[in-house]
There are 2 protein chains.
Amino acid sequence: MKLEQATIKDIARELNLSASTVSRALKNYPGINSETKRKVKAMAEKLNYRPNAIALSLRHSRSFTIGVIIPEVVHFFFSTVISGIEEEAFSRGYNVILTQTNEKLIREKSSINTMLSNQIDGVLISYSKETTDFEHFSNLIDKGFPIVFFDRVPEIPKAITVTVDDFGGAFEATKHLVEQGYRNIVHLAGPPNLKISRERSEGYQAALRESGITPDPAMIVPCPLGTNAEAQQVVSKLLHTLKKKPDAFFAHNDMSAVGAMMACKEAGLQVPSEVGIVGFSNWQFCSMVDPTLSSVYQPGFEMGVKSTQLLLDWIEKKFDPEKSEISSVLVTELITRQSSVR
Amino acid sequence: MKLEQATIKDIARELNLSASTVSRALKNYPGINSETKRKVKAMAEKLNYRPNAIALSLRHSRSFTIGVIIPEVVHFFFSTVISGIEEEAFSRGYNVILTQTNEKLIREKSSINTMLSNQIDGVLISYSKETTDFEHFSNLIDKGFPIVFFDRVPEIPKAITVTVDDFGGAFEATKHLVEQGYRNIVHLAGPPNLKISRERSEGYQAALRESGITPDPAMIVPCPLGTNAEAQQVVSKLLHTLKKKPDAFFAHNDMSAVGAMMACKEAGLQVPSEVGIVGFSNWQFCSMVDPTLSSVYQPGFEMGVKSTQLLLDWIEKKFDPEKSEISSVLVTELITRQSSVR
DNA sequence: TTGTAAGCGTTATCAC
DNA sequence: GTGATAACGCTTACAA
């Protein structure tokens with residue numbers, strides 16, 4: 001059962017007018033009899049007329065719809081970004097069509113194709129962990145199609161990107177641990193093919209160096225899944241195997257940090273007195289665990305808003321990506337809680 | 001800069017054919033010269049032809065797009081549901097357009113209008129906390145427009161709904177607390193205008209009665225915001241004011257449960273030996289807090305999948321809501337962890 | 001001030 | 001086997 005939508009033609013027929021007059025009346029064109037205008041609007045109201053956005057899209061070759069492609073919806077940080085995207089798009093009269101890739105490259109590609117078929121005006125992308133080749137993006141960029149990358153951004157020419165200052169955040173977190181007197185700081189690192197992981201790792205190392213500590217490769221431990229179970233297991237093992245006994249953990253995400261915390265508790269180590277822990281992202285649960293978890297806040301909502309602003313400005317030709325290369329970097333903020341302060 | 005999309009006309013021009021022939025060739029219609037077909041497909045490939053979904057929508061009055069309206073994206077449960085919706089829709093060739101209402105009725109209404117303008121084929125809705133009048137829904141239902149409600153469902157005639165067994169989940173949780181020997185069980189209740197809140201409250205009361213305990217209105221405490229801060233404050237106060245000292249909390253959501261846990265710790269009460277706590281939803285952090293939090297698991301992903309199945313079956317006329325009234329109730333599962341087992 | 005006609009991309013219908 | 005035409009709903013030169 002379809003919804004019987006009244007069209008301009010219906011209004012025209014009822015009032016013995018032409019479709020063009022109705023169209024003009026509805027849009028307050030100059031040079032329309034005000035009585036006609038009144039009648040048209042009244043009839044539109046009566047018939048519950050609603051413009052057909054599909055017809056408008058076809059006419060204007062503009063859909064007022066943007067696409068969003070993310071790895072996962074069920075992810076606190078990404079959901080925050082989506083929220084920002086949705087707010088900004090809504091307030092500027094755009095629709096958002098959303099797909100998740102589940103970290104699969106093939107879904108990423110097919111999503112882009114579907115969206116292009118649907119004539120989206122532009123797209124926001126955070127790519128999957130499987131993506132190592134960026135040709136499907138550069139093709140679009142080369143054709144001048146509006147595309148903005150956020151958080152997970154490719155290192156390709158002319159890409160417009162929005163990220164947080166991962167390096168700076170990691171630097172600050174590590175520095176903080178040093179200041180609290182921790183010396184043997186382990187880094188639980190993310191998947192190395194993501195730039196964000198590398199930035200965080202480098203920020204950590206830079207902070208150590210600046211503090212006169214030489215980074216030890218053995219202290220950089222991969223936790224590519226980023227789950228608390230993984231980190232717990234990894235850290236439990238570490239506590240036995242490492243020569244230099246670690247007295248702090250800087251994790252690339254909050255779940256790993258919690259995993260580390262659980263492993264320490266299990267091993268009978270006091271947090272923060274014996275071991276300091278700092279996470280990254282400042283997820284909701286940071287203030288709910290015991291001890292509460294210090295973490296680097298990433299402005300997800302702002303990232304969504306900023307990315308969308310850039311994209312829509314581009315679409316609406318308010319800025320020209322050819323002339324103004326933009327990579328926007330949002331500042332992070334270290335939130336210190338119990339887990340790292342002694 | 002628009003993407004120069006090749007159209008059927010372009011292919012036709014290149015090959016000196018008519019648009020209709022090209023269209024037929026591309027769709028493998030019978031009665032087309034196989035050589036022509038080959039040439040057309042080759043040219044389509046060469047020009048990187050992609051069918052214009054907008055034109056198809058206009059032609060067929062079908063957009064292959066469904067709308068999703070939820071209160072908040074940044075909400076673990078809802079994001080899980082979205083994930084299920086997205087998966088099912090994607091696998092059946094539909095797009096998902098998403099809006100969040102931020103719990104505002106006015107946004108709910110305007111979102112529906114925008115989506116209708118965009119000729120969505122159907123819509124999935126979980127309504128806002130502000131929504132108390134359901135006329136904007138019944139209007140659509142009366143016109144036979146495909147609409148499926150999930151989680152927060154209105155009690156109006158002919159509404160197709162998908163919920164979890166909130167009553168049953170609450171019943172089981174409360175029963176479990178009783179079995180663990182807790183007697184003065186407080187319920188931290190959700191906003192009463194949501195049916196889910198009432199169901200959970202009633203499940204709690206029914207379980208008490210079945211255990212020979214008369215529910216005490218003073219032991220049902222509103223926590224309408226559902227934040228841990230709110231619950232912590234409420235519970236701290238409770239511990240002093242209630243005549244019958246509470247020895248357990250069944251919260252309508254997990255954040256309230258954590259708030260209660262924090263308040264108890266603060267008051268020097270041991271969990272679970274002195275106070276038992278059970279939450280609702282089984283959010284990620286349940287296994288991360290200390291002690292780990294027992295909670296009622298709600299199948300969010302399945303809810304998304306089920307709702308979408310119903311909606312798409314309706315759209316594709318695989319079931320007739322006039323004949324088969326469907327309210328689908330998914331089972332919950334109590335996950336017992338440390339906070340309630342002694 | 002209003003009407004006519006063409007066109008956005010596609011396909012169903014009817015010709016040839 | 002293939003082509004011409006009309007139609008989906010709307011806007012916009014151009015004409016009246």
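In what follows, chains carry the letters A, B, and so on, assigned in the order in which the sequence lines appear, proteins first and then strands, with residues in each chain numbered from 1. Bear in mind the structure is a predicted one, so any value in this text is a computation, not a measurement.
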With nearest nucleotides of DNA chain D determined for Thr21(B) and Thr7(A) from heavy-atom distances, which residue corresponds to the more 5′ nucleotide?
Thr21(B)
Within the distance-only criterion (no hydrogens, no angle test), does the side chain of Gln119(B) pair as donor or acceptor with the backbone N or O of Ser57(B) below 3.5 angstrom?
no
The test is side-chain contact (heavy atoms from CB on, under 4.5 Å); show your working for Ser126(A) and Arg152(A) and say whether it passes.
CA-CA 5 Å; Ser126(A) 198; Arg152(A) 300 192 189 166; 3.5 Å; yes
Using whole Å, report how far CG of Asn33(A) lies from C1' of dG3(C).
15 Å
When rounded to whole Å, the NZ to C1' distance for the pair Lys37(A) and dT2(C) reads 14 Å
Between Thr161(A) and Thr163(A), is any side-chain donor less than 3.5 angstrom from a side-chain acceptor?
no
Just the rounded figure in Å: distance from P of dG9(C) to CZ of Arg62(A).
15 Å
When rounded to whole Å, the NZ to P distance for the pair Lys9(B) and dT11(C) reads 13 Å
Ignoring hydrogens and angles, does a donor from either the side chain of Thr36(A) or the base of dT2(C) sit under 3.5 Å from an acceptor on the other?
no
Classify the nucleic acid contact of Ser18(A) as base, sugar-phosphate or nothing, counting any heavy atom under 4.0 Å across all strands shown.
base
Considering residues at least two apart in sequence or located in another chain, which fulfil the salt bridge (charged side-chain N to carboxylate O under 4.0 Å, His left out) criterion with Glu155(B)?
Arg198(B)
Kindly confirm or rule out a cation-pi arrangement of Arg62(A) over Phe64(A), judged by NZ or CZ under 6.0 Å from the six-membered ring centre and within 45° of its axis?
yes
Distance in angstrom units between Phe64(A) CZ and dC8(C) P, rounded:
19 Å
Anything under 30° is parallel, anything over 60° is perpendicular, the rest tilted; go ahead and classify Phe137(B) against Phe149(B).
perpendicular
I need the residues from residues 48-59 of chain A with at least one non-hydrogen atom less than 4.0 Å from DNA chain D; give them sorted by number, or say none.
Tyr49(A), Pro51(A), Asn52(A), Ala55(A), Leu56(A), Arg59(A)
Would you indicate what Asp10(A) reaches in the nucleic acid, counting non-hydrogen atoms under 4.0 angstrom: base, sugar-phosphate, or nothing?
nothing
Detail all sub-3.5 Å separations between protein N/O atoms and N/O atoms belonging to nucleotides 14-16 of chain C.
none

What pairs of residues pass the salt bridge (Lys or Arg N to Asp or Glu O under 4.0 Å) test when at least one of them lies in residues 13-35 of chain A, not counting sequence neighbours?
Asp10(A)-Arg13(A), Glu35(A)-Arg38(A)
Specify the closest pair of heavy atoms between Leu98(A) and Met115(A), including all atoms of both residues, with the distance to one decimal.
C-CE, 4.4 Å
Could you tell me the boundaries of the chain A footprint on DNA chain D, defined by atoms under 4.0 Å from its heavy atoms?
dC8(D) to dA13(D)
I'd like to check the side-chain contact (heavy atoms from CB on, under 4.5 Å) partners of Val305(A); sequence neighbours left out, ordered by chain and number.
Glu88(A), Phe301(A), Gln309(A)
Here the pair of heavy atoms bringing Val74(A) nearest to Thr80(B) is CG2-CA, 3.7 Å
Nearest-Å distance for atom pair CG/P, residues Leu26(A) and dT2(C)
13 Å
All heavy atoms of Tyr127(B) vs all of Pro154(B), minimum pair found to be CE2-N, 3.4 Å
